[in-house]
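Keep in mind it's a predicted model, so treat the numbers as computed, not measured. Naming: A, B, ... by sequence-line order, numbering from 1 per chain. Heavy atoms only: backbone and side chains are in, while hydrogens, waters and symmetry mates are out.
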2 protein chains.
Amino acid sequence: MYSFTEENYLKAIYKLQEQSDANINTNAIALSVQTKAASVTDMVKKLSEKKLLKYEKYKGVELTAEGKRVAIETVRKHRLWETFLHTKLNFSWDTVHDIAEQLEHIQSQELVDKLDEFLGFPKHDPHGDPIPARDGEIQRGNFVQLNELKTGEEGVISGVVNHSSVFLKHLEKNELTLGKKIRIMEISEFDQSVQIWLNENSKMQLSNEVVRNILVKKGISYE
Amino acid sequence: MYSFTEENYLKAIYKLQEQSDANINTNAIALSVQTKAASVTDMVKKLSEKKLLKYEKYKGVELTAEGKRVAIETVRKHRLWETFLHTKLNFSWDTVHDIAEQLEHIQSQELVDKLDEFLGFPKHDPHGDPIPARDGEIQRGNFVQLNELKTGEEGVISGVVNHSSVFLKHLEKNELTLGKKIRIMEISEFDQSVQIWLNENSKMQLSNEVVRNILVKKGISYE
DNA sequence: AAATATTTTTAGACTTATCTAAAAATATTT
DNA sequence: AAATATTTTTAGATAAGTCTAAAAATATTT
C-alpha cells in the first residue's frame with residue numbers, strides 16, 4: 001500500500017499536527033524523521049500528489065483525511081506491537097519503541113485485528129498512550145501533568161510526556177510505573193520539586209523536570 | 001545489518017543449495033526471488049564482495065559460512081513467526097507464510113530469543129519444518145514421503161513437500177493435518193493412488209500427487 | 001524600508017535494487 | 001566440429017529516497 005518511508009512521514013506530521021494545530025513546516029518534519037529539509041520537500045511533494053496531504057510552497061503542510069487515516073493506522077499498529085512486546089514478551093517499557101518502529105510497517109489488516117484480539121483489545125500501550133480503535137477513534141484519558149496537582153491531591157500514574165529511554169528507565173528504577181498511586185505532600189517554593197507520598201513507609205522527592213513529565217489521572221483530593 | 005533483499009537472496013540460495021549440492025545458477029535464483037537474471041548477477045556480485053558467497057562468472061554461487069549463517073537465521077525467524085501466527089493468533093497454516101515473509105526481516109536478536117521462549121522453544125513450524133536453533137543447528141526429523149510406505153504400513157503426518165496455499169487448503173479441508181495417524185490400505189496399480197485408513201469409519205482415497213507431497217514419520221507396520 | 005538572518009526550494013548527484021536489450025560465454029544438437 | 005540454443009553477463013536506464021550546495025522566498029532586526 002504505502003511505503004515504510006511514506007508511513008513514517010505521515011506519522012511524524014500527524015504527531016506534529018497534534019501538538020500545534022498550525023500548518024507543519026519543513027524543518028520540523030526534517031527534525032522529526034531525522035533527515036534534511038531538502039529531502040522533506042521532495043517527499044512532501046510526492047505525498048501531496050498522492051493526496052495524503054495539502055502542500056503549498058513555503059506554507060507548510062496539512063494532512064488530508066486519508067493521510068490522517070494512514071497515520072492513525074500506523075500509530076495503532078505501533079502501540080499494539082509495543083503492548084505485545086511488553087505484556088507477552090516481557091520487554092521493559094523503555095525498549096519496546098525501537099522494535100515497534102519496525103513492526104508497525106508490516107502490511108496485513110488481518111494481522112492487526114488478530115493481534116488486537118490476542119491482546120484483549122487493550123486501550124493503552126505500555127506508556128499509557130491510547131491505542132486508536134480500528135475505525136481511527138482515539139479515546140484520550142483526561143490526564144494532567146503531575147505538577148498541576150496541588151498539595152494534598154492524589155492521582156494515579158497513567159502516562160508520560162517524555163518517552164525517552166533514559167527517562168523511562170529512571171522512572172522504572174524508582175518504581176514510578178503505570179498504575180502507581182501518588183499523593184502530593186509538599187511543593188518546594190525554591191525549585192518546584194515535589195515531595196510525594198507513596199505509602200506508610202515510602203516518601204520520595206521528585207524534581208520539577210520529572211514531575212512535569214509524568215501524567216496522572218486525578219483522584220480524590222484531601223486537605 | 002543486512003538488507004531485506006540481501007536476506008531474501010541468501011535464504012533463496014540456501015534453500016536451493018539444500019536441494020541440489022551443485023553450485024546454484026543464476027536462473028534458479030532469479031526464479032526463486034522472482035526477479036530477472038540480470039538483477040541476480042548484480043546482487044550476487046554485491047554479496048560476493050561482502051563475503052557472503054563465492055561467485056565465479058558463469059559458474060554459479062555457493063554460500064560462505066557467514067552467508068549460510070545469515071540464511072539459517074532468516075529461516076529461523078521465518079518459522080518462529082509462522083508458529084506465532086498459527087498457535088497464538090489462530091492463522092490457518094496456509095496463510096502464515098506471506099506475513100512471516102515480512103516479519104522475518106525485523107532486526108532484533110532479543111526479539112527472536114524472546115519470541116522463541118514465549119512459544120515454548122518449538123521444534124517445528126505449522127508445516128512441520130524444523131526450526132533452526134539459536135546456534136544454527138537444524139534437527140531434521142527423518143520423515144518419508146507417504147508414497148514410500150508399503151501396504152499395511154503406518155505413519156503420522158509430520159510435514160509437507162509442497163507448501164502452496166492451494167495444497168495446504170486441500171489437506172486442511174480433508175483433515176489431513178499434522179499429527180494425523182494414517183495406515184496404507186491399498187495402492188492402485190493403475191494410477192498409484194492410495195487408499196488410507198484413518199479410523200473405523202473413515203477411509204480415504206488420495207491421488208499420487210497428494211501422497212507424494214505428504215511427509216510422514218513411519219510407525220509400526222502391520223501385514 | 002533596508003539589511004540581515006532563517007527557512008525552504010531547486011538543481012544535480014548518489015545509492016540500492018531493479019529492468020530491457022544486446023553481447024559474451026557456455027551447452028546442446030546436428 | 002560447426003551450428004544452434006540457452007544461460008549469463010554487461011551496458012545503460014529507471015524509481016525511491018537521500019544528500020550537498022546554491023538560489024529563492026520569507027521573517028526578523030535595525
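- In this structure, A:Phe4 places its CZ atom 17 Å from P of C:dT16, rounding to the nearest Å.
- One N or O on the side chain of A:Gln145 and one on the backbone of A:Arg212 form a donor-acceptor pair closer than 3.5 Å.
- At whole-Å resolution of the value, CD in B:Gln34 and P in C:dT18 are 12 Å apart.
- By the 6.0 Å contact criterion, CD on B:Glu56 is open, its count of non-hydrogen atoms from other residues, nucleotides or ligands being 12 or less.
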Could you go through A:His127 and A:His163, starting from their C-alpha distance and side-chain angles, then the distance that decides it, and tell me whether this counts as ring-ring contact (aromatic ring centres under 6.0 Å, His included)? CA-CA 8 Å; A:His127 311 111; A:His163 285 65; 5.5 Å; yes
For B:Phe84 and A:Phe84, run ring-ring contact (aromatic ring centres under 6.0 Å, His included): C-alpha distance rounded to whole Å, both residues' side-chain angles, the deciding distance at 0.1 Å, then the answer. CA-CA 12 Å; B:Phe84 167 72; A:Phe84 167 72; 5.0 Å; yes
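- Of the side-chain N and O atoms in B:Tyr9, none sit less than 4.0 angstrom from OP1 or OP2 of C:dT16.
- In this structure, A:Lys50 places its NZ atom 13 Å from P of D:dA15, rounding to the nearest Å.
- Formation of a donor-acceptor pair under 3.5 Å by the A:Lys51 side chain with backbone atoms of A:Thr64 is not found in this model.
- Counting all heavy atoms, side chain and backbone alike, A:Ile138 lies closest to A:Pro130 at CG2-CG, 3.7 Å.
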Base-contact (B) and sugar-phosphate-only (S) positions in nucleotides 4-11 of chain C, heavy-atom cut-off under 4.0 Å, - elsewhere: ---SBBB-
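- For the pair B:Lys88 and B:Phe118, the cation sits on the ring face: its NZ or CZ lies under 6.0 Å from the ring centre, inside 45° of the axis.
- Taken together, the paired segments of DNA chain C that extend over three or more consecutive Watson-Crick or G-U pairs, each closer than 3.5 Å at both contacts, are C:1-30 with D:1-30.
- A 4.5 Å side-chain heavy-atom check between B:Asn147 and B:Ile187 finds every atom pair outside the cut-off.
- Taking 4.0 angstrom as the limit, B:Thr35 places a side-chain polar atom (N or O) nearer than this to OP1 or OP2 of C:dC19.
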